[in-house]
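Take a look at the structure below.
Along the sequence shown, residues are numbered consecutively beginning with 1. Since the model is a prediction, treat every value here as computed from it, not as a measurement.
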Amino acid sequence: MSNDNFYSEENDFQPDENSAQPKKGMSTGVKVLLILTGVGGICLILCCGGIFWAVKNSEFKMTEKKEDIIEIQNEIAQITIPDTFKPQAGMSMNIMGTSVRMAIYEEKSKDGALVLMSLGIPDDGMVDMEQEFRKSMKQQNQNQRELTITKTEEREFTIKGQKVNFEFSEGTDQNDKKFHQVQGVFAGKNGPAFFFLQIADKSYHDEEIVKMIESIK
């Protein structure tokens, strides 16, 4: 496996007859991420006694179909994603009236990925949503590159009339390869939404990423 690939190509799962064939570069770890991150987010709003009942009565869907991923992305937020990112995987779950959505796009040369996620719960200020999103990504995504961050800056954007800060960082992986990381929480269509991007320096175009964030409505 090349270290230049963002995702491992090992252990690809076999989809059921209603799913698209697995795409090269998409690993089992990413699909596990879809489940665990969604369940982890849901646990923020469940009491222990209700978990079994809630999961039993939930609606869950994972997909690798392009049109389904785009539909899920549109349920999270209206955003113009550059052609350099291709739909790779999506997850949707409805549980106790709460909608969890995630859409993953992979950079065309497999040098990075974009994740969009929403929990579909109101942001009442009682939970630091940005911290919880980041914690969930770090704990659940075993394929996320661990970067040694060397530089970070916050940039302010206006989304739906609200001032929102996105964190733009630079760092290196274990092979000393330079990466860019961009992340932020904003008001999505159904509650707080999380934008997370990791991409190799050679494939990173700042103006393209800024334009994508500015397109969020």
Side-chain angles (χ1 to χ4, degrees), residues 3-7 30 33 37 40-41 44 73 76-88 101-119 121 123-217:
N3 287 327
D4 287 341
N5 285 350
F6 191 81
Y7 294 123
V30 176
L33 160 67
T37 306
L44 293 173
Q73 171 251 295
I76 297 172
Q78 181 179 337
I79 179 174
T80 302
I81 297 177
D83 292 338
T84 49
F85 291 89
K86 306 301 180 182
Q88 288 295 309
R101 300 288 185 267
M102 180 183 289
I104 296 179
Y105 288 73
E106 189 174 39
E107 198 273 331
K108 65 180 181 180
S109 60
K110 303 188 185 300
D111 258 345
L114 167 68
V115 178
L116 293 169
M117 178 181 177
S118 68
L119 295 181
I121 61 176
D123 185 359
D124 57 9
M126 297 181 65
V127 177
D128 187 332
M129 297 303 298
E130 187 164 4
Q131 180 179 345
E132 292 301 327
F133 274 122
R134 292 179 182 180
K135 184 188 300 182
S136 185
M137 287 289 295
K138 183 176 181 180
Q139 291 178 348
Q140 308 298 352
N141 187 1
Q142 300 303 314
N143 279 350
Q144 178 186 330
R145 289 178 184 270
E146 289 292 336
L147 300 181
T148 299
I149 301 299
T150 57
K151 177 183 177 181
T152 297
E153 67 169 313
E154 286 194 350
R155 302 187 193 178
E156 186 178 84
F157 297 86
T158 300
I159 300 176
K160 293 185 176 181
Q162 299 181 356
K163 300 293 185 180
V164 180
N165 288 324
F166 276 67
E167 189 177 272
F168 285 67
S169 303
E170 297 177 14
T172 55
D173 66 4
Q174 61 181 359
N175 299 313
D176 206 34
K177 182 176 179 179
K178 185 176 178 179
F179 277 81
H180 292 258
Q181 181 170 291
V182 181
Q183 55 190 353
V185 172
F186 60 93
K189 290 185 176 179
N190 298 291
F194 183 52
F195 177 106
F196 180 85
L197 170 76
Q198 271 189 359
I199 187 169
D201 182 64
K202 68 178 183 179
S203 299
Y204 178 78
H205 303 286
D206 191 76
E207 291 184 1
E208 181 180 74
I209 303 307
V210 168
K211 185 176 180 180
M212 175 167 49
I213 296 173
E214 290 177 338
S215 76
I216 299 174
K217 297 179 180 179

Between CD of Glu156 and CD of Gln162, what distance do you get to the nearest 0.5 Å? 11.5 Å

Hey, could you give me the CZ/OG distance between Phe186 and Ser118, rounded to the nearest 0.5 Å? 8.5 Å

Taking only residues two or more places apart in sequence or in another chain, which ones pass side-chain hydrogen bond (donor to acceptor under 3.5 Å, both in side chains) with Thr148? none

Report the residues that fulfil side-chain hydrogen bond (donor to acceptor under 3.5 Å, both in side chains) with Gln78, sequence neighbours left out, ordered by chain and then residue number. none

Which residue in the set Thr84, Val115, Leu197, Ile81 passes side-chain contact (heavy atoms from CB on, under 4.5 Å) when paired with Tyr105? Ile81

Between Gln183 and Phe194, is a side-chain contact (heavy atoms from CB on, under 4.5 Å) present by the stated rule, with each step listed? CA-CA 7 Å; Gln183 55 190 353; Phe194 183 52; 3.9 Å; yes

How far apart are the C-alpha atoms of Phe196 and Leu114, what are their side-chain angles, what is the distance that settles it, and do they pass the side-chain contact (heavy atoms from CB on, under 4.5 Å) test? CA-CA 6 Å; Phe196 180 85; Leu114 167 68; over 6 Å; no

Would you say that more than 12 heavy atoms from the other residues, nucleotides or ligands in this model lie under 6.0 Å from the CD of Glu153, or not? yes

So do Val164 and Thr158 actually touch side chain to side chain, heavy atoms under 4.5 Å? no

Compare all side-chain heavy atoms of Gln181 with those of Leu147 and state whether any distance is below 4.5 angstrom. yes

Please set out all donor-acceptor pairs under 3.5 angstrom arising from side-chain atoms of residues 210-217, sequence neighbours excluded.
unit_1, atom_1, unit_2, atom_2, d
Ser215, OG, Thr80, N, 2.9
Ser215, OG, Met212, O, 2.6

Could you pull out the closest heavy-atom pair between Ala193 and Ile76, with the gap in Å? CB-CG2, 3.9 Å

Closest non-hydrogen contact found for Ala103 with Gln73 is CB-CB, 4.0 Å

Stepwise side-chain contact (heavy atoms from CB on, under 4.5 Å) test for Thr152 and Glu167: CA-CA 7 Å; Thr152 297; Glu167 189 177 272; 3.3 Å; yes

Sorted by chain and residue number, the side chain to side chain contact (heavy atoms under 4.5 Å, CB included) partners of Ser203 (sequence neighbours excluded) come out as Glu107, Ser109, Asp111, Ile199

Just jot down the side chain to side chain contact (heavy atoms under 4.5 Å, CB included) partners of Lys178, sequence neighbours excluded, or say none. Glu170, His180, Asp201

Near-ring test Phe166/Phe157, centroid separation under 6.0 angstrom: yes

Asp206: partners by salt bridge (Lys or Arg N to Asp or Glu O under 4.0 Å), with sequence neighbours left out: Arg155

Does Phe85 form a side-chain contact (heavy atoms from CB on, under 4.5 Å) with Glu208? I'd like the steps, not just the answer. CA-CA 11 Å; Phe85 291 89; Glu208 181 180 74; 4.2 Å; yes

Test your reading of the model: is there a side-chain donor-acceptor pair from Asp173 to the backbone of Asn175, 3.5 Å cut-off? yes

